Asks: 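First the structure, then my questions, so here it is.
Hydrogens, waters and symmetry mates play no part in the numbers below; they use all other heavy atoms, side chains included. Keep in mind that what you see is a predicted model, and the values were worked out from it rather than measured.
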Amino acid sequence: MNITQFTMEEVRCFGERQTLEIRPLTFLVGENSTGKTTALACFHVLANYVGGERVDFNTDPYSMGIFKDIVRNSRPKAKAFKLGLTTDALKWTIEFSEKTEGIEPAISAINLKFSDGEIVFKIRDNITESPTRLASFDKKRNYYEIDCIPDFLAFSPIYSVFRFSQVESNHFLEGNTEEKKALANYVETLQNLEKRRSNPWHIGHYLSVFSTSPIRSRPKRTYDPTREFDDPEGGDVPMLLMRINMTQQKQWEALKGQLVEFGKSSGLFQNIEVKNLGRSLGAPFQLKFKVRGPNANIVDVGYGVSQILPILVHILGSNPHEMNFSLLQQPEVHLHPKAQAELSSLLARLANEGNRAFIVETHSDYMLDRARIEIIRGNIRPEDVSLIYFEPKGRIVKVHNISFDKMANMVGDPPHYGEFFLKESKRLLGFKD
């Protein structure tokens with residue numbers, strides 16, 4: 001099941017609903033402070049929630065603050081904001097309001113819209129006897145509105161809906177028996193979809209989301225293993241490489257081969273080596289790279305090597321059985337244009353293989369141009385690449401979805417897109433503004 005759209009409404013600089021067309025390879029472009037990182041953070045939060053985790057708008061590498069920092073500062077002040085995801089079989093819309101007696105965003109309503117029906121959850125404070133109750137019902141159009149206690153929606157409701165198929169034998173849902181039976185029959189119909197990838201209930205089982213920070217960790221001459229952890233800045237990657245090198249030799253050789261292949265094509269390095277300074281997993285170790293001469297310590301080679309390494313290890317080592325979304329903030333930092341272009345080629349190749357998708361916040365025209373070249377070469381389909389332009393308009397930002405034809409020509413680009421670069425080119429040629 002693919003995520004095809006992401007929506008935001010009343011979030012920071014975004015006023016009316018903005019829809020982002022999500023493809024296996026999606027680029028977010030625009031000036032500074034136009035909401036690109038906000039979009040990544042909101043996508044990360046919502047995808048994690050759909051996968052069964054609690055809502056957290058301040059998980060690394062994002063720090064969005066409290067409710068008043070996230071909701072749009074409008075007049076009158078907005079009382080809620082909405083985020084949404086659209087898949088092949090289901091459209092999620094989740095409303096967030098300020099937490100009662102708190103300052104955090106809290107889920108106040110969830111709308112699950114299917115091709116032939118709709119299930120709506122709404123938080124109510126006046127429910128006392130059961131966690132939920134069937135408040136509204138329209139069997140003809142398969143519309144069911146369910147009132148819930150706040151904690152019921154703490155985790156993704158997709159699992160809770162499962163239980164409605166045996167609703168007559170459960171007591172957590174108040175309501176008329178016939179109405180509950182109709183809801184149970186509808187949910188059972190949804191569960192019995194023939195193709196697994198079209199089944200909305202499976203999205204949380206195979207969806208994996210990882211975000212990288214635009215500022216990666218500094219390289220060290222010698223690493224002292226302490227503990228393994230996930231780090232958006234890449235501080236966990238040296239330890240991960242050492243462990244794979246010492247305990248999973250076959251996996252190490254495969255990963256090393258892919259790293260060296262990219263290193264050569266990008267001109268960054270010719271070889272990589274993990275040098276253990278002892279015989280145990282707890283012994284110090286060093287990372288060494290061959291650039292032009294003999295192997296050198298990671299701190300003695302170009303800074304671009306240490307900055308791109310965490311991204312490469314993550315995207316090349318992801319689980320092929322999961323739908324992996326990699327949210328990359330300015331991966332081109334410290335990379336020569338040649339390496340930026342080669343990174344774009346790598347992302348296009350991986351996106352074309354399936355089960356991997358990339359949302360890339362970038363200021364690099366070299367990455368965008370190489371993606372277009374990969375379309376022309378036939379290495380990725382034009383419909384699998386999306387360019388999303390964030391255009392400031394006064395106090396709000398408007399999102400433009402740009403697609404490509406078979407010759408990689410832009411389709412749907414607004415008049416002002418690329419205006420700065422055109423003016424710079426004319427100035428370079430000696431023309432006046």
Side-chain angles (χ1 to χ4, degrees), residues 3-47 57 62 64-65 67-86 91-96 105 111 113 211 214 325 327-330 357-365 367-369 371-372 382-405 408-424:
I3 294 176
T4 57
Q5 288 183 339
F6 170 61
T7 60
M8 298 179 293
E9 186 175 347
E10 299 295 332
V11 177
R12 288 188 173 173
C13 57
F14 303 102
E16 61 186 26
R17 178 177 296 182
Q18 300 296 310
T19 300
L20 285 69
E21 299 291 338
I22 304 300
R23 299 294 179 261
L25 182 55
T26 303
F27 293 100
L28 310 184
V29 300
E31 298 176 15
N32 298 115
S33 300
T34 52
K36 301 185 297 299
T37 302
T38 293
L40 287 178
C42 290
F43 183 95
H44 186 115
V45 170
L46 191 53
F57 283 91
Y62 308 110
M64 296 193 69
F67 176 81
K68 71 179 184 64
D69 298 320
I70 302 171
V71 72
R72 189 167 75 91
N73 186 15
S74 59
R75 294 182 182 180
K77 184 75 173 180
K79 296 182 178 181
F81 65 89
K82 295 180 181 180
L83 303 177
L85 285 179
T86 300
K91 181 176 182 179
W92 296 70
T93 302
I94 303 184
E95 180 184 85
F96 296 87
N111 182 296
K113 191 169 186 178
S211 291
F325 272 89
L327 314 185
L328 310 179
Q329 295 185 68
Q330 300 177 41
F358 304 94
I359 304 180
V360 185
E361 176 193 349
T362 183
H363 295 291
S364 171
D365 270 8
M367 291 194 70
L368 301 179
D369 290 344
R372 297 173 69 181
E383 58 266 33
D384 287 341
V385 182
S386 175
L387 175 59
I388 302 175
Y389 171 51
F390 292 68
E391 181 183 19
K393 284 184 171 292
R395 297 181 65 231
I396 64 171
V397 170
K398 180 176 176 56
V399 165
H400 298 275
N401 292 286
I402 302 171
S403 57
F404 299 93
D405 62 20
N409 297 306
M410 292 185 183
V411 179
D413 50 314
H416 297 296
Y417 178 77
E419 185 177 41
F420 168 78
F421 302 101
L422 292 174
K423 285 184 177 180
E424 287 293 282

Asks: Of the non-hydrogen atoms in Arg12 and Asp69, which two are nearest, and what is the gap between them?
Replies: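 Of all heavy-atom pairs spanning Arg12 and Asp69, the closest is NE-O, 3.1 Å.
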Asks: Do the side-chain N and O atoms of Glu391 and His416 include a donor-acceptor pair separated by under 3.5 angstrom?
Replies: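 Looking only at side-chain atoms, His416 and Glu391 do not form any donor-acceptor pair under 3.5 Å.
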Asks: Test your reading of the model: is there a side-chain donor-acceptor pair from Gln18 to the backbone of Glu16, 3.5 Å cut-off?
Replies: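 Yes, the answer is positive, given that a donor and an acceptor are paired below the 3.5 Å cut-off.
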Asks: Do Val29 and Leu387 come within less than 4.5 Å of each other through their side chains, counting heavy atoms only?
Replies: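 SC-SC contact between Val29 and Leu387 confirmed.
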Asks: Please report the shortest heavy-atom distance between Gly35 and Cys13, naming the atom on each side.
Replies: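 Closest approach of Gly35 to Cys13, heavy atoms only: CA-SG, 4.0 Å.
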Asks: Does any non-hydrogen side-chain atom of Ile396 lie less than 4.5 Å from one of Arg72?
Replies: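 Yes, their side chains come closer than 4.5 Å.
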Asks: Any chance you could measure Ile70, atom CD1, to Glu10, atom CD, to the nearest 0.5 Å?
Replies: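 Separation between the atoms: 14.0 Å.
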Asks: Taking the six-membered ring for Trp and the full ring for Phe, Tyr or His, determine whether the centres of Phe57 and Phe67 are under 6.0 Å apart.
Replies: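 Judged by ring-centre distance (under 6.0 Å), Phe57 and Phe67 do not meet the cut-off.
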Asks: Given Thr37 and Gln329, is the side chain to side chain contact (heavy atoms under 4.5 Å, CB included) satisfied, shown in steps?
Replies: CA-CA 8 Å; Thr37 302; Gln329 295 185 68; 3.5 Å; yes
Asks: Between Asn111 and Trp92, is there a donor-acceptor pair closer than 3.5 Å when you use the side chain of the first and the backbone of the second?
Replies: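 Not at all, since once roles are kept as given, no pair shorter than 3.5 Å links the two residues.
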Asks: Report yes or no: does Thr4 contribute a side-chain atom to a donor-acceptor pair with the main-chain N or O of Thr86 at less than 3.5 Å?
Replies: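 Checking the backbone N and O of Thr86 against the side chain of Thr4, a donor-acceptor pair under 3.5 Å is found.
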Asks: Looking only at heavy atoms, which two atoms of Ser74 and Pro76 are closest? And how far apart?
Replies: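 Smallest interatomic distance, heavy atoms only, reads OG-O, 2.9 Å.
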Asks: Let me confirm one number: the OG1-CG distance from Thr34 to Leu28, rounded to the nearest 0.5 Å.
Replies: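 One gets 9.5 Å once the value is rounded to the nearest 0.5 Å.
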Asks: Could you report the tightest heavy-atom contact between Met410 and Ile402, atom names first, then the distance?
Replies: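 That would be CB-CG2, 3.9 Å.
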Asks: Atom CZ in Arg372, atom CG in Asn409: separation rounded to 0.5 Å?
Replies: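 Between Arg372 CZ and Asn409 CG, I get 6.5 Å after rounding to 0.5 Å.
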Asks: Does the side chain of Asp413 reach to within under 4.5 Å of the side chain of Val411, using non-hydrogen atoms?
Replies: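 No. Closest side-chain heavy atoms not under 4.5 Å.
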Asks: Report the relative orientation of the aromatic rings in His400 and Tyr389; use parallel for angles under 30°, tilted for 30 to 60°, perpendicular for over 60°.
Replies: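 Ring orientation of His400 relative to Tyr389: parallel.
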Asks: Under the 3.5 angstrom rule, does the side chain of Arg23 hit a backbone N or O of Ser403 as a donor-acceptor pair?
Replies: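 Looks like no, no N/O pair under 3.5 Å.
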Asks: Regarding Glu21 and Gln5, do their side chains bring together a donor and an acceptor under 3.5 Å, going by distance alone?
Replies: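 Side-chain D/A pair, Glu21 to Gln5: present.
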Asks: Output, in order, the C-alpha distance, side-chain angles, deciding distance and verdict of side chain to side chain contact (heavy atoms under 4.5 Å, CB included) for Phe14 and Val399.
Replies: CA-CA 9 Å; Phe14 303 102; Val399 165; 4.0 Å; yes
Asks: Identify the heavy atoms of Ile22 and Ile359 that sit nearest to each other, and give their distance.
Replies: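 Where Ile22 meets Ile359 most closely, the heavy atoms are CD1-CD1, 4.1 Å.
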Asks: Any side-chain heavy-atom pair from Phe6 and Cys42 closer than 4.5 angstrom?
Replies: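 In contact.
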Asks: Answer yes if the side chains of Tyr62 and Ser211 hold a donor-acceptor pair under 3.5 Å, and no otherwise.
Replies: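 Their side chains do contain a donor-acceptor pair, which is all the 3.5 Å distance test asks for.
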Asks: Quick one: does Lys398's side chain get under 4.5 Å of Pro392's, heavy atoms only?
Replies: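 Counting from C-beta outward, Lys398 and Pro392 never come under 4.5 Å.
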Asks: Enter the distance from Leu40:CG to Glu361:CD here, rounded to the nearest 0.5 Å.
Replies: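 If I round to the nearest 0.5 Å, the distance is 5.5 Å.
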Asks: Show, in sequence, the C-alpha distance, side-chain angles and deciding distance for Phe390 and Leu20, and conclude whether the side chain to side chain contact (heavy atoms under 4.5 Å, CB included) test is met.
Replies: CA-CA 10 Å; Phe390 292 68; Leu20 285 69; 4.0 Å; yes
Asks: Are Ile94 and Leu46 close enough, and set up right, to give a side chain to side chain contact (heavy atoms under 4.5 Å, CB included), and what steps lead you there?
Replies: CA-CA 9 Å; Ile94 303 184; Leu46 191 53; 3.3 Å; yes
Asks: Would the distance check show the side chain of Lys36 and the main-chain N or O of Gly30 forming a donor-acceptor pair, the cut-off being under 3.5 Å?
Replies: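 Pair found, side chain donor or acceptor close to backbone of Gly30.
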Asks: Can you tell me if CD on Glu31 sees more than 12 non-hydrogen neighbours from other groups inside 6.0 Å?
Replies: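 Count not over threshold, so no.
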Asks: Of all the heavy-atom pairs spanning Lys77 and Lys68, show the shortest one and how long it is.
Replies: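 Smallest heavy-atom distance, with atoms named: NZ-O, 4.0 Å.
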Asks: Assess, by modelled atom type and distance only, whether the side chains of Arg17 and Thr7 contain a donor and an acceptor separated by less than 3.5 Å.
Replies: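 Thr7 and Arg17 do not have a side-chain donor-acceptor pair below 3.5 Å.
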Asks: Is the shortest side-chain heavy-atom distance between Val360 and Thr26 below 4.5 Å?
Replies: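 No. Closest side-chain heavy atoms not under 4.5 Å.
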Asks: Would a 4.5 Å heavy-atom cut-off, applied to side chains only, mark His363 and Asn32 as touching?
Replies: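 In short, these two side chains touch, coming nearer than 4.5 Å.
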Asks: Would you call the rings of Phe325 and Phe43 parallel, tilted or perpendicular if under 30° counts as parallel and over 60° as perpendicular?
Replies: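 It falls in the tilted class, 30° to 60°.
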